[in-house]
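Shown next, in C-alpha cells, is the structure this report addresses.
These numbers come from the heavy atoms of this one structure, side chains and all, not from hydrogens, waters or symmetry mates.
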Amino acid sequence: MWLYSRGSPTPPGTPWLGACRFPCWAAGCLAKNQQLATGGPYAYTRNPLYLGTLLVAAGLAIAARSVGLGALFAAVFVFVYLPVIQNEEEYLHVLFRDYAAYAAAVPLLLPRLTPLPLKSSNPFRVALYLKNQEYNAGAGFAAGLLFLLWKLVR
C-alpha cells in the first residue's frame, strides 16, 4: 500500500488532486472588477481561490510528510495571503454596493455547508478561466507532483 509503506510519501497528488479543481472552478466564475461573484464556489466561501491554494499547499505538505514545508506554507498564508484578503475585502466593499450583504451571508474562508441562494449566477466559463490565468496554478501543481515523485524515488 502506497500510503504507509516504508515511509514513502502518499501516491503523488492523492490528498490534493481534488483541491486543484476548486481554484480552477473559482477562476472560471470570476469576472474581476465587473460583477460580484456570488455563484459557483463563491456561494460557499468568499475566497475560494485562496481556500483552494491553502488546501493544495496543505495536501502537498501532508503528502510529502514534511512539517517544515507545512510550517512554511502556514507562514506564507498568515503573513502574505491574509493581509491580501483583508485588502481585497476593503476594495470589494467600495466596488460593489451589495458586498456587505454578501459578506454577512458567506464566510470569509471556511465554506458554508449549503450554497447561498442565488440572485444571479456566475456559471463557469472557460474564457474567464483563461483570462484569470489560473492555469498558472497548474504549473505549481505539476512542480509539487514532481517533488513528490522525486521524494518517492530517492
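- Leu108 has its side chain out of reach of Thr45: every pair of non-hydrogen atoms, C-beta onward, lies at least 4.5 Å apart.
- The shortest heavy-atom contact between Val78 and Pro83 is O-CD, 3.4 Å.
- A continuous path of Ile, Leu, Val, Met, Phe, Trp and Tyr side chains, each step under 4.5 Å between heavy atoms, connects Val80 with Leu54, placing both in one hydrophobic cluster.
- No side-chain heavy atom of Leu30 sits less than 4.5 Å from a side-chain heavy atom of Trp25.
- Counting only heavy atoms from C-beta outward, the side chains of Tyr44 and Val106 never approach each other to under 4.5 Å.
- Panel note: side chain Arg112, backbone Thr114; a donor-acceptor pair is recorded below 3.5 Å.
- With a 4.5 Å cut-off on side-chain heavy atoms, Tyr50 and Val84 count as touching.
- The salt bridge (charged side-chain N to carboxylate O under 4.0 Å, His left out) search around Glu89 returns Arg46, not counting sequence neighbours.
- Between Thr53 and Phe77, every side-chain heavy-atom pair lies at or beyond the 4.5 Å cut-off.
- The side-chain heavy atoms of Cys29 and Leu128, taken from C-beta on, include no pair separated by under 4.5 Å.
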- Query: Step by step, would you call Leu60 with Phe73 a side-chain contact (heavy atoms from CB on, under 4.5 Å)?
  - Reply: CA-CA 10 Å; Leu60 177 59; Phe73 288 152; 3.8 Å; yes

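- Judged by distance alone, the side chains of Gln86 and Tyr81 never bring a donor and an acceptor atom under 3.5 Å apart.
- For the residue pair Asn47 and Tyr42, no side-chain donor N or O sits within less than 3.5 Å of a side-chain acceptor on the partner.
- Separating the CD atom in Glu88 from the NE2 atom in His93 is a distance of 12.0 Å, to the nearest 0.5 Å.
- The CG atom of Leu49 sits 7.5 Å away from the CG atom of Asn132 when rounded to the nearest 0.5 Å.
- The distance from atom CG of Asn87 to atom CG of Leu92, rounded to the nearest 0.5 Å, is 11.0 Å.
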